[in-house]
Each structure stands twice: as structure tokens, then as C-alpha cells.
Amino acid sequence: MTDLSVQVGRTRLKNPVIAASGEHLIEDDGILSAIAAGAGAVVMKSSNDSAAAQRQLLQAEYAALDANWNRVGWGSGAPRDTTLLTRSGLTPLGFEEWLDQARRMDAAARKADCVLVASVVMAGVEDAVRRARAVEDAGLRVFEFNIGTPYASQAAKGAVSTELSPARVAELVGQVTSAVSIPVWVKLSGQSERVPDLVAAATGAGAESAVIAGRALGLVPDLETMQPMLGTSCGIGGYWNLPLTCHWLATTRARLGPDQALIGINGACSGPDVARMMLAGASAVGLSSAVMLRGWNVLRDAVADLEAYCAGKGASARDLVGRAADARRSFAEMPVLDQVWRNHVPAPLVPGEEVRRNR
């Protein structure tokens, strides 16, 4: 058997496939399904004490879009090039009910050698610290502190957070990590040119890993109605974001060194995508939108396909981490080539020739 186990700081995962937070992980049945599908870790749908954030779930709406930005059906038959546009919300559970769910789901996860992760989207740091302490007291093993949601500029004030200042990240993360002894994973935004700086701030303040990089805000106009799809700017993600995430993983690894555990998020849809993010520097990889769209088999197949890839390479999962990132070179280091650019421009238009319309 190929060894798929990985380390994320102090935390061992049986495999690097993480069922990342989403609406499909609000209810017990969803969490249990992710565990049964073989995920190495499952991140509960995030919580906080903001009434506005909880109300967002009642206002949530979702669109699956094809490569031409037209709506496609939701379900297992959705093509790989589907983009998800969403207005999302947090768990509707109150604090005590959420904590009780965490305890029950952690017991189920342990039986399957899976790590349950309790997640909080920051509304206020005092609430985040309180919940982190409660999570530790409940016996859970990892706390995710989400300060990288895409929605903060669009949501009600104080509902959620998109922190883009390294100094602010260090301040907030330090308050949480100093309050608990369990590992803290910090989820950060990709809506910045300073992702490595944000990660350095978080890990310097005691986070054991950073989850990078969260979805961006996007707006898709509807040609028929001439209005924004779903009425506003929304969180957007899809397979096309994988190269961006891999870039941030590689640059962050170069900044912080190979010993810093990183978790890739945003763009992975399959086992080969998990391998790609690991080669870019991730120790583990979260899948969310693809699972929510296509179902639990996405997780099962990702584990199986990753195992097949590693077996074919004669490598363990840990052997993958950072291989491509460490081979990355600068433009200045690339060899001089002989007019290669000429092979990649269209032929000149001959006068009088009809211009054919591209479809």
C-alpha cells in the first residue's frame, strides 16, 4: 500500500485530502458522508456570533456556470470547467448546538482515523477566542481561524472578515493562539499581492499552518437581464484558480522554507489536482466547491486517484511536497531561445481574405 499519510504541523492526517468547509458540511449527514468517503480531515461549516452572518445563509444563492458564463445544471454531471458563483452563509446553529455537533462528529471522525476541524469565521476576535477555548475544552484536535472570506466588503458590517494587513493578521492570530494549546490553522485571502507576508504574519504569531488562498470576489453580468448574476459581487471559484493557488504555495514556501506546513485551497477538483498543489508546496489540500457540486464521490475518487499517482511514481504523499516549487526558476534563469514567440502568433491577414468568425 502506498503511504498517503502527511503531517500538518503536529497533526497527522491519514491522507492529504481535506473536505473543506461548505454548506454540504452544515448537517450531521454531510459531515458523516465526508468521513465515510475517506477524507483525511473534515472542516465543519464555519460559525461565529454574528446574527448578520447567520442570516446570510437564508439569503444564500448559488450558480454553476459553464465556460461561456451560462448556467448549467447542478449535480454529478457538471463538467470540470464549471465555475461556482455563490452568496454563502455560516452555520445556522447556535453556539452550544454547534459545539455539541463538534463533539459528536469528532467521535465519529476518530473511529475512521479522520481529523475533525472546527472552524470560525471571525466577526469579533473575542468571540473567536471564546470559541477556540471551547473547542479545545471539548477535546477537538484542530481549530481553523478563518480571516480570509471573500465577502467582507459585501456583507453586513462585522459579519465576516477579509484581513489583508500582515500586522492585523499577526495581532488577531496571536490572540487566538495564545488562548489555546491545540493547533490553529489560519485561512487567508487570495485577494492580495502579499499572500506570503500574510502567511508569515500568521505563522509568526503561532499558527501551525495557513490555508491559502481563499476565493476571490467576482461579478458576472447576465446578458439577458443586464443585471449581475445573483444580484451582486459574489464568491467565485473553479478549476481555473489552481495555477494561482499553486503560485502562492510556491512563493510562500520559498519565503518561509520547506518546514512550514501549508494547506492548499481553491481550484482543486480531483486527485491529480491534489497532487499538483502538493508539488507546489501544500502538505494537504482542501476540496469544497467540487464536492458541493458533484457529490461525495469527489472525495473518494480524489483519495484513490492520488494513491494511484503516488504508486505510479513510486513515491509517498510526503515525497510530493514542494517538488515543483523547489524546481521553479526565475525568468532571468531561463535559456535564450531562437524566436520561439513567432510560433505563437496568428498568420498575417491577406488583403481581401474574408475574416472568419471564431466561435
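Because the structure is a prediction, the values reported are computed rather than measured.
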**Item:** Set of residues satisfying side chain to side chain donor-acceptor pair (under 3.5 Å) with respect to E61, sequence neighbours excluded
**Value:** R87

**Prompt:** Do K45 and S88 come close enough that some side-chain heavy atom pair is under 4.5 Å?
**Reply:** yes

**Request:** Compute whether any side-chain donor of one residue and acceptor of the other, for Q339 and W341, lie under 3.5 angstrom apart.
**Result:** yes

**Prompt:** V169 pairs by side chain to side chain contact (heavy atoms under 4.5 Å, CB included) with which of L164, L198, T203?
**Reply:** L198

**Request:** Start with the C-alpha gap between R294 and D301, add the side-chain angles, then the distance that decides, and say whether salt bridge (Lys or Arg N to Asp or Glu O under 4.0 Å) holds.
**Result:** CA-CA 12 Å; R294 300 184 183 89; D301 293 346; over 6 Å; no

**Asked** Is the count of non-hydrogen atoms from other residues, nucleotides or ligands lying under 6.0 Å from D338 atom CG greater than 12?
**Response** no

**Asked** Excluding sequence neighbours, so at least two apart, what forms salt bridge (charged side-chain N to carboxylate O under 4.0 Å, His left out) with E144?
**Response** none

**Item:** Gap separating the CE atom of M122 from the NZ atom of K187, nearest 0.5 angstrom
**Value:** 15.0 Å

**Message:** Counting only heavy atoms not in R323 (residues, nucleotides, ligands), do more than 12 fall under 6.0 Å from its CZ?
**Reply:** no

**Prompt:** Mind checking whether F143 and T177 have side chains closer than 4.5 Å, heavy atoms only?
**Reply:** no

**Asked** What orientation do H24 and W296 show, parallel under 30°, tilted 30 to 60°, or perpendicular over 60°?
**Response** tilted

Which pairs of donor and acceptor atoms, one on a side chain in residues 221-231, lie under 3.5 Å apart (sequence neighbours left out)?
residue : atom : partner : partner atom : Å
D222    : OD1  : E224    : N            : 2.8
D222    : OD1  : T225    : N            : 3.3
T225    : OG1  : Q227    : N            : 3.2

**Asked** Where is the tightest heavy-atom contact between C114 and V42, given as atom of each residue plus distance?
**Response** SG-CG2, 3.8 Å

**Asked** Within the distance-only criterion (no hydrogens, no angle test), does the side chain of T245 pair as donor or acceptor with the backbone N or O of L242 below 3.5 angstrom?
**Response** no

**Request:** Locate the shortest heavy-atom distance separating L256 from A200; write the atom from each residue and the value.
**Result:** CD2-CB, 3.7 Å

**Request:** Verify the neighbour count for atom CD of E333: are there more than 12 heavy atoms of other residues, nucleotides or ligands below 6.0 Å?
**Result:** yes

**Message:** Under a plain distance cut-off of 3.5 Å, with no hydrogens placed, do S289 and R215 share a side-chain donor-acceptor pair?
**Reply:** no

**Asked** Does a side-chain heavy-atom distance below 4.5 Å link P16 with V285?
**Response** no

**Asked** Of all residues at least two apart in sequence or in a different chain, which pass the salt bridge (charged side-chain N to carboxylate O under 4.0 Å, His left out) check with D197?
**Response** R194, R255

**Fill in**
Sorted by chain and number, sequence neighbours left out, salt bridge (charged side-chain N to carboxylate O under 4.0 Å, His left out) with D326 holds for R253

**Message:** Counting C-beta onward and ignoring hydrogens, is there a side-chain heavy-atom pair between R318 and S5 closer than 4.5 Å?
**Reply:** yes

**Asked** Yes or no on side chain to side chain contact (heavy atoms under 4.5 Å, CB included) for M277 and C246, after CA distance, side-chain angles and deciding distance?
**Response** CA-CA 6 Å; M277 286 195 183; C246 287; 4.0 Å; yes

**Request:** Hey, could you give me the OG1/CD distance between T251 and E193, rounded to the nearest 0.5 Å?
**Result:** 11.5 Å

**Request:** Evaluate the side-chain proximity of L306 to N15: yes if any heavy-atom separation is below 4.5 Å, no if none is.
**Result:** no

**Request:** Verify salt bridge (Lys or Arg N to Asp or Glu O under 4.0 Å) between R130 and D127, making sure each step is shown before the conclusion.
**Result:** CA-CA 5 Å; R130 178 173 67 103; D127 172 64; 3.2 Å; yes

**Item:** Heavy-atom side-chain contact between I26 and L57 under 4.5 Å
**Value:** yes

**Request:** Check the pair R12 / D113 against salt bridge (Lys or Arg N to Asp or Glu O under 4.0 Å), numbers first and verdict last.
**Result:** CA-CA 10 Å; R12 173 195 168 274; D113 190 21; 3.2 Å; yes

**Asked** Does CD in E27 sit with more than 12 non-hydrogen atoms of other residues, nucleotides or ligands closer than 6.0 Å?
**Response** no

**Prompt:** By side-chain contact (heavy atoms from CB on, under 4.5 Å), which residues pair with S165, not counting sequence neighbours?
**Reply:** A167, R168

**Prompt:** Under a 4.5 Å cut-off applied to non-hydrogen side-chain atoms, are L188 and V186 in contact?
**Reply:** yes

**Request:** Evaluate the side-chain proximity of L93 to S47: yes if any heavy-atom separation is below 4.5 Å, no if none is.
**Result:** no

